[in-house]
Amino acid sequence: MKLFVANWKMHKTRGPARDFAAELGRSIGDGIAGAELVLAPAFTALDAARDERGRWRLACQNVAAETEGAFTGEVSAAMAADAGCRYAIVGHSERRRLFGEDGPVLAKKIERCREAGMTPIYCIGETAEERDASLTAITLVRQLDALIADAPSRPLVVAYEPVWAIGAGRSATPADCAAARVHIAEILSPRQSLRILYGGSVTPENARELLEISRMDGLLIGGASLSAASFEAIARA
Ligand code: PGA
């Protein structure tokens with residue numbers, strides 16, 4: 001079973017989310033064989049993106065590092081789980097870069113996900129500068145440090161998203177992905193239930209090759225997940 005996660009980022013109010021869900025529901029029928037589908041809308045559109053028939057699951061794009069309390073504007077993991085989320089994206093490069101989230105904060109977010117019964121989709125990936133300086137491997141090790149306190153028996157999804165490939169119109173090569181997959185699997189080797197995804201400029205055109213050659217367990221899709229037709233085409237690839 002391959003996992004396909006649609007990361008809508010800060011797109012879609014409830015109307016467009018409902019339209020997307022209706023279109024996807026119509027076109028996939030009973031679902032896509034061999035594919036687990038997950039939609040990650042904004043918190044406000046979770047309800048609108050839900051599938052009553054359970055053909056796809058919901059993820060949130062972020063959770064608070066704290067459990068509850070005086071944290072104006074934050075949404076806790078328990079709240080997201082209560083709103084129907086099975087998964088939570090944690091540590092997306094936009095959160096790291098634009099909101100200053102670092103390893104210790106992300107470790108707390110992962111712990112909050114566990115307490116709430118959600119599976120984290122933990123994002124890692126090197127910047128262009130790190131890649132040029134041959135620091136990819138070291139960067140991934142450092143970012144995976146946030147999982148040190150996380151019990152290896154818990155199901156985990158790690159998304160390898162090189163920062164230079166996100167929204168760039170140019171994905172990593174399948175060979176890059178294959179190398180990253182092996183490296184990540186090695187670092188996390190005692191893990192019992194680990195799925196490794198690739199993300200960064202995935203399209204219906206490159207999805208098949210990326211999956212086949214890299215042997216990734218699925219894809220995390222940004223821009224190309226905003227249309228139901230293209231998200232479906234990727235999942236069918
Ligand atoms: P992209 O985004 O598919 O638009 O490159 C991927 C992501 O940021 O998760």
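Numbering of ligands and ligand atoms starts at 1, following listing order. Numbers for residues simply follow the sequence, beginning at 1.
Considering both main-chain and side-chain atoms, G222 comes within under 3.5 Å of ligand 1 through a nitrogen or oxygen pair. For ligand 1, none of its N or O atoms has an N or O atom of G199 under 3.5 Å away. Polar contact check, I166 against ligand 1: no nitrogen or oxygen pair lies under 3.5 Å apart.
At a threshold of 4.5 Å between non-hydrogen side-chain atoms, the residues L39 and F20 count as touching. Using a 4.5 Å heavy-atom cutoff, the side chains of E126 and V163 are not in contact.
Looking only at atom types and distance, the side chain of E232 has a donor-acceptor partner in the side chain of S27 under 3.5 Å away. A donor-acceptor pair shorter than 3.5 Å can be found between the side chains of E161 and H92.
Less than 4.0 angstrom separates some heavy atom of G200 from each of these atoms of ligand 1: 5 (O). Close approach to G223 involves these atoms of ligand 1, each under 4.0 Å from a residue heavy atom: 1 (P), 3 (O), 4 (O). The K9 neighbourhood of ligand 1 comprises atoms 2 (O), 7 (C), 8 (O), with distances under 4.0 Å to a heavy atom of that residue. Close contacts of ligand 1 with N7, meaning ligand atoms under 4.0 Å from a residue heavy atom, involve 9 (O). Each of the atoms 7 (C), 8 (O), 9 (O) of ligand 1 lies under 4.0 Å from some heavy atom of H92.
The hydrophobic cluster containing L220 also includes L3, V5, V38, Y87, I89, I121, V157, L197, under a criterion of side-chain heavy atoms closer than 4.5 Å among ILVMFWY residues, counted directly or through chains of members.
Nearest protein neighbour of atom 9 (O) of ligand 1, counting heavy atoms only, is E161 OE2, 2.7 Å.
The salt bridge (charged side-chain N to carboxylate O under 4.0 Å, His left out) contacts involving residues 178-199 comprise E36-R195, D150-R191, where partners must be two or more places apart or lie in separate chains.
S201 counts as a contact of ligand 1, since one of its heavy atoms falls under 4.0 Å from the ligand.
Few gaps surround CZ on R55; more than 12 heavy atoms of other groups in view lie less than 6.0 Å from it.
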